Amino acid sequence: MLNHNFKHLTDLFNYTNIKVSHIFHRSVDSEWCFNNYCHNFNRVYIILDGSAVLFNSTENITMLPNNIYVIPAKYTYSCRCDEYMEKFFFHFTASIIPQNDLLSNIGRIAAMPISNDELSLLREILYNENIQSALFLQNYIRTLILQIIEPITDKIERDITVYRKYEKLYKYIEDNLSADISVAEVCRHIGFSQTYIGQKFKNDTGSTIKQYITSSIIERMQYMLLVTTLSINDITKELRFDSESYCSKFFKKHMGISPSEYRHIHKGII
C-alpha cells in the first residue's frame, strides 16, 4: 500500500507567511525623488508608462513600461523620476521566521518582463477588489518569489528548521506582543528555563529573546504608522506603553527619528 506523507512540503507551504500592504495605481512626477531609502518590506513596481531610475553604489536601473521590479526588504537604494511614471505597486513581506524576510538576502533588484495580456489581467483583477483579487494577488506574489528565490533556497531550509524549533516562542510573542511582555513570561509559557532557552535561541538566531521582542515591537509600530491611520496615542495604547512620551522615546531610540517623523518621511515615498 502506498502511503507517503509529504510533511516537509506541507511545512514549507504552511510556514510561509505573506502579508500585503499599500496596493496602489499611481502616477508620479519629478517630485518622486528619495535618497538612501531602506524598508522592512519588499516593494514591487509594475511600470505602465513613463520611466524612473533606481540606483545605489552597485546598481543603476531604469524602470520601463511592461516590466516588473522587485526591491527586496532591507535593501538600500535611491530613486528618481525625471518627468513622469505610471505604475501599479504593492508592498509585501514573505517570511518563515518573523522579521526575517525571505528576500532580504537577495542583495539586488530583480527585474522581469510582463506581457500585455498579463498586465490587462492584473489591472482587471486589482480593480475588482474582491476575494478573488486577494487570492490572485497572493498567488501572483508566490510566483514572483519563485522566480527570484533560487540563490537563497538553503536559507529557507535553515529558516524552517529554526522556526520548527521555536514555534511556540514565536507564536506566543506574536499573539501577546506589547511593551510590557517579559522574557520570563515567554519562557514560562513555553516551559523552559530562561537561561537554557535564552542561550539556545541566541546560538540559533544570533539575537537574544529580549532583542527579538524589541525588534518585534518596532516592526509592529512601523506597520501601524505606515498602513493604518492610528494616532501615536492609539499606538501607545495598542502596545500598552506607559505613556505616549515613552512610546515615542522607545521608537526614536531604535530608529533615530520619532514615530511622527517616520510616518511623514515614509508615507511620501510610495
Side-chain angles (χ1 to χ4, degrees), residues 17 19-22 34-43 72-77 91-101 103-104 159 162-163 166-190 192-195 197-270:
N17 182 25
K19 293 183 179 179
V20 177
S21 64
H22 288 120
F34 304 95
N35 293 315
N36 298 319
Y37 184 51
C38 186
H39 36 69
N40 291 327
F41 47 80
N42 305 289
R43 185 182 292 260
K74 300 180 182 177
Y75 184 76
T76 301
Y77 69 99
H91 305 161
F92 74 92
T93 57
S95 62
I96 295 168
I97 297 176
Q99 302 176 42
N100 193 352
D101 197 280
L103 303 187
S104 61
D159 283 359
V162 171
Y163 186 82
Y166 300 105
E167 186 171 1
K168 285 180 67 176
L169 181 149
Y170 285 128
K171 285 187 173 179
Y172 184 81
I173 292 173
E174 182 178 1
D175 293 343
N176 299 274
L177 187 63
S178 65
D180 57 8
I181 191 173
S182 69
V183 176
E185 174 190 342
V186 174
C187 293
R188 279 197 305 272
H189 175 79
I190 63 177
F192 289 98
S193 74
Q194 188 170 331
T195 302
I197 198 66
Q199 188 59 55
K200 295 281 287 182
F201 185 82
K202 185 172 183 180
N203 289 343
D204 287 335
T205 68
S207 69
T208 66
I209 297 174
K210 178 64 175 175
Q211 288 169 335
Y212 175 76
I213 291 172
T214 297
S215 57
S216 295
I217 294 171
I218 291 295
E219 188 173 84
R220 184 73 61 84
M221 291 179 72
Q222 289 174 314
Y223 179 85
M224 290 176 172
L225 289 166
L226 291 182
V227 178
T228 77
T229 57
L230 291 172
S231 67
I232 309 303
N233 188 48
D234 289 335
I235 293 172
T236 298
K237 294 175 181 176
E238 183 81 15
L239 292 174
R240 299 210 295 267
F241 281 94
D242 290 339
S243 67
E244 184 176 333
S245 173
Y246 176 58
C247 177
S248 294
K249 286 179 181 178
F250 178 87
F251 188 87
K252 187 170 184 177
K253 176 183 177 181
H254 296 283
M255 294 300 298
I257 56 177
S258 70
S260 56
E261 289 172 320
Y262 180 88
R263 172 174 272 170
H264 176 74
I265 292 170
H266 290 264
K267 283 251 182 178
I269 299 177
I270 60 176

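The shown structure was predicted, so the numbers you read here are calculated from the model rather than taken from an experiment.
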Does the ring center of Phe250 lie less than 6.0 Å from the ring center of Phe241? yes
Is the closest side-chain heavy-atom distance between Ile218 and Phe251 below 4.5 Å? yes
Working to the nearest 0.5 angstrom, can you tell me the gap between His91 NE2 and Asn40 CG? 12.0 Å
Could you go step by step and tell me if Arg43 and Tyr75 meet the side-chain contact (heavy atoms from CB on, under 4.5 Å) rule? CA-CA 10 Å; Arg43 185 182 292 260; Tyr75 184 76; over 6 Å; no
Going by heavy atoms in the side chains, are Val186 and Ile213 under 4.5 Å from each other? yes
Distance-minimising heavy-atom pair for Ile209 and Ile173: CG2-CD1, 4.5 Å
Would you say Arg263's side chain and Leu225's backbone share a donor-acceptor pair under 3.5 angstrom? yes
Mind listing the closest non-hydrogen atom pair of Phe201 and Ser207 along with its distance? CD2-O, 3.3 Å
Could you check whether any side-chain heavy atom of Glu185 comes within less than 4.5 Å of a side-chain heavy atom of Tyr172, counting everything from C-beta outward? yes
Nearest 0.5 Å, what's the CG-CD distance between Asn176 and Glu174? 10.0 Å
Which pairs with one or both residues in residues 213-239 pass salt bridge (Lys or Arg N to Asp or Glu O under 4.0 Å), sequence neighbours excluded? none
If you compare all heavy atoms of Ile96 against all heavy atoms of Tyr163, which two are closest, and at what distance to 0.1 Å? O-CD1, 3.3 Å
Before you tell me yes or no, could you show the steps for Ser178 and Asp180 under side chain to side chain donor-acceptor pair (under 3.5 Å), namely the whole-Å CA-CA distance, both residues' side-chain angles and the distance that decides it to 0.1 Å? CA-CA 5 Å; Ser178 65; Asp180 57 8; 2.4 Å; yes
May I ask you to decide if Ser245's main-chain N or O and Ser248's side chain share a donor-acceptor pair within less than 3.5 Å? no
Expected output: side-chain Asp101 to main-chain Ala73 donor-acceptor under 3.5 Å: no
Can you tell me how far the SG atom of Cys247 sits from the CZ atom of Arg240, to the nearest 0.5 Å? 13.5 Å
Which value, rounded to the nearest 0.5 Å, describes the distance between Lys249 atom NZ and His254 atom NE2? 13.5 Å
Tyr262 and Met221, any side-chain heavy atoms less than 4.5 Å apart: no
Inter-residue atom distance Glu244.CD - Ile235.CD1, 0.5 Å rounding: 9.5 Å
Closest contact, heavy atoms only, Asn42 versus Thr93: ND2-CA, 4.0 Å
Any donor-acceptor N or O pair under 3.5 Å, side chains Asp204, Tyr166: yes
Does some side-chain heavy atom of Cys187 sit less than 4.5 Å from a side-chain heavy atom of Phe192? no
Sorted by chain and number, sequence neighbours left out, ring pair (Phe, Tyr, Trp, His ring centres under 6.0 Å) with Tyr223 holds for none
Decide yes or no on side-chain contact (heavy atoms from CB on, under 4.5 Å) for Tyr77 and Phe34, but give the supporting numbers first. CA-CA 9 Å; Tyr77 69 99; Phe34 304 95; over 6 Å; no
Applying side-chain contact (heavy atoms from CB on, under 4.5 Å), run through Ile217 and Leu177 and close with a yes or a no. CA-CA 7 Å; Ile217 294 171; Leu177 187 63; 3.6 Å; yes
For the residue pair Thr214 and Gln211, confirm or rule out a side-chain donor-acceptor distance under 3.5 Å. no
Could you report the tightest heavy-atom contact between Ser95 and Pro98, atom names first, then the distance? OG-CA, 4.4 Å
Verify side-chain contact (heavy atoms from CB on, under 4.5 Å) between Tyr170 and Ile190, making sure each step is shown before the conclusion. CA-CA 10 Å; Tyr170 285 128; Ile190 63 177; over 6 Å; no
